[in-house]
Protein chains: 2
Amino acid sequence: MARTSVEAERREQILEAACHVLSEIGFRSLRVSDVAKRARTSTGTVHYYFATKRDLVHAAFEYNFDHSLGRRRPILDAHEHPRDRLRAFVESYLPADEVTIRAWAVWVELWCEALHEDDLQELNERVYGEWRRIMAGVIRDGQDQGCFREGDAVVLANSLIGMIDGLAMQVLLRSRSMTVERMRAVCDAALEGLEREVRHAS
Amino acid sequence: MARTSVEAERREQILEAACHVLSEIGFRSLRVSDVAKRARTSTGTVHYYFATKRDLVHAAFEYNFDHSLGRRRPILDAHEHPRDRLRAFVESYLPADEVTIRAWAVWVELWCEALHEDDLQELNERVYGEWRRIMAGVIRDGQDQGCFREGDAVVLANSLIGMIDGLAMQVLLRSRSMTVERMRAVCDAALEGLEREVRHAS
DNA sequence: ACCGTGTTTGATCGACCAGTCAATCAGCAT
DNA sequence: ATGCTGATTGACTGGTCGATCAAACACGGT
């Protein structure tokens, strides 16, 4: 080895740029040269680390996922009580700040592309599975402690996640009828529904 | 005028083809020649009716919306009771048959593109508004008749719609943890939640 | 200093494709 | 028949962009 490897650093720099460009203009309009420019390097270098544009974007999707998950971990750890935990977790998904909005935008690109690419469907499966696993876990904890109502935790998690995805989509599209505030209200109502009725399931 | 116009017919034929291609391979991979081939015509003809590829795809998005709405009208009309109406309406959005799946796929393309195009955000606003208006109306009717629980009908509609969008997305992505059957179950649970409180009342 | 390997560059190539256009066709009127 | 105009065609052009590559560079070991 003739020099210390810069690979990890450079890859991250490029992937970060790719995510930024993706969130800004989308996969359809994304040019390798855009990513190179954003990463302050050349198209040659981008291709040195990622053989094809497809590889680059797929890696960016994965990078976006890893980062999103990483950002949530401290949020989960910060709360003891399942109710606070779930609330903080849901709150962290509201497209309220720029970082979260960008992450959502990349996410949507992944969805769109995954409709026609099996590899990406698998990535989505991993991601969605992870998220569902975490949320169902928190819900189950809460149920054990008697602070959430009974019912299949997986079904409840799926409902919540589905709702968050769908609502976030509309917020991202700047729908006048679905602002972040409104989304927060709807999520709050859903969470209250989970918390209040501590009896009969169906 | 030297001959009866074929414009309406030809436009529809091309838009139908465009939607089909969109649902099949997405906007990013869509070539004007793909649409022409699917419509059994030439690229020249496609450009005769749609100045640019962008115009074509935007028109296709609108066409997809009009059709989706048109398909729902008879479904709504077929039921008298708000509960049945809402159930049938929600059921009609499950990505269970090919037509509905294709419509959803085009829808996702619209979302994705609309993230970076103001025109399309407006289209989404119209569409989403229409859908929300219909659903909130049914819910309000049900509340007036005492068969749905109380609560802001718009918030309830938004929750339901959001959930449907998010869940449908995962179904489209062939998630193992979110099949159509599971989605139906989750939606049923949500609808029962709406209906429940009145089961034993009045 | 020199070598070897890892890294960077940007000019260049080749493929692809939206959009143009000149030519042609098809229906209707007179 | 003839002329008019809407409709259709597909070859062609101009531009774009992913990917390649030869050359240069940077670092660390010897």
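Owing to the predicted nature of the structure, the values given are computational and were not obtained by experimental measurement. Reminder, nothing fancy here: chain letters follow the sequence lines and each chain counts from 1.
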Report yes if a side-chain nitrogen or oxygen of [X] is closer than 4.0 Å to either non-bridging phosphate oxygen (OP1 or OP2) of [N]; otherwise report no.
| X | N | value |
| --- | --- | --- |
| Tyr48(A) | dT7(C) | yes |
| Arg10(A) | dT8(C) | yes |
| Arg54(A) | dG18(D) | no |
| Ser42(A) | dT8(C) | no |
| Thr41(B) | dT9(D) | yes |
| Thr45(A) | dT7(C) | no |

Measure from [atom1] on [X] to [atom2] on [N] and round the result to the nearest Å.
| X | N | atom1 | atom2 | result |
| --- | --- | --- | --- | --- |
| Lys37(A) | dT9(C) | NZ | P | 15 Å |
| His58(A) | dG18(D) | NE2 | C1' | 15 Å |
| Glu7(A) | dT5(C) | CD | C1' | 14 Å |
| Phe50(A) | dT7(C) | CZ | C1' | 15 Å |
| Gln13(A) | dT7(C) | CD | C1' | 13 Å |
| Lys53(A) | dT20(D) | NZ | P | 15 Å |
| Arg28(A) | dT16(D) | CZ | P | 16 Å |

(Q) Students often mix this up, so state it plainly: with edges at 30° and 60°, are the rings of Tyr93(B) and Trp131(B) parallel, tilted or perpendicular? (A)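 Plane angle under 30°, so parallel.
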
Q. Leu56(B) near the nucleic acid: base, sugar-phosphate alone, or nothing, with a heavy-atom cut-off under 4.0 Å?
A.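 Counting heavy atoms under 4.0 Å across all strands, no contact is made by Leu56(B).
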
Q) Looking for any heavy atom pair under 4.0 Å, which part of the strands does Tyr49(A) touch: base, sugar-phosphate only, or nothing? A) sugar-phosphate

Q: Among residues two or more places apart or on two chains, list those pairs meeting salt bridge (charged side-chain N to carboxylate O under 4.0 Å, His left out) that have a residue in residues 161-173 of chain B.
A: none

Q | Inter- and intrachain pairs under salt bridge (charged side-chain N to carboxylate O under 4.0 Å, His left out), touching residues 64-73 of chain A, at least two apart | A |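 Qualifying pairs: none.
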
Which listed nucleotide ([options]) is nearest to the side chain of [X]?
| X | options | result |
| --- | --- | --- |
| His47(B) | dA19(D), dT7(C), dG19(C) | dG19(C) |
| Arg31(A) | dC17(D), dT8(C), dA7(D) | dC17(D) |
| Val32(A) | dA11(C), dG18(D), dT7(C) | dG18(D) |

Q) Quick one: side-chain contact (heavy atoms from CB on, under 4.5 Å) partners of Val127(A), sequence neighbours excluded? A) Phe65(A), Trp107(A), Leu123(A)

Q.
The criterion is side-chain contact (heavy atoms from CB on, under 4.5 Å); which residues satisfy it with His79(B), sequence neighbours excluded?
A.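 His79(B) satisfies side-chain contact (heavy atoms from CB on, under 4.5 Å) with Asp84(B), Arg85(B), Ala88(B) only.
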
Q: Not counting sequence neighbours, which residues clear ring-ring contact (aromatic ring centres under 6.0 Å, His included) with His47(B)? List them please.
A: none

So which protein N/O to nucleotides 21-23 of chain C N/O distances come out below 3.5 Å?
none

(Q) Whether the side chain of Glu195(B) engages the backbone of Phe148(B) through a donor-acceptor N/O pair (distance < 3.5 Å, no angle test) should be reported. (A)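 Answer holds: no.
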
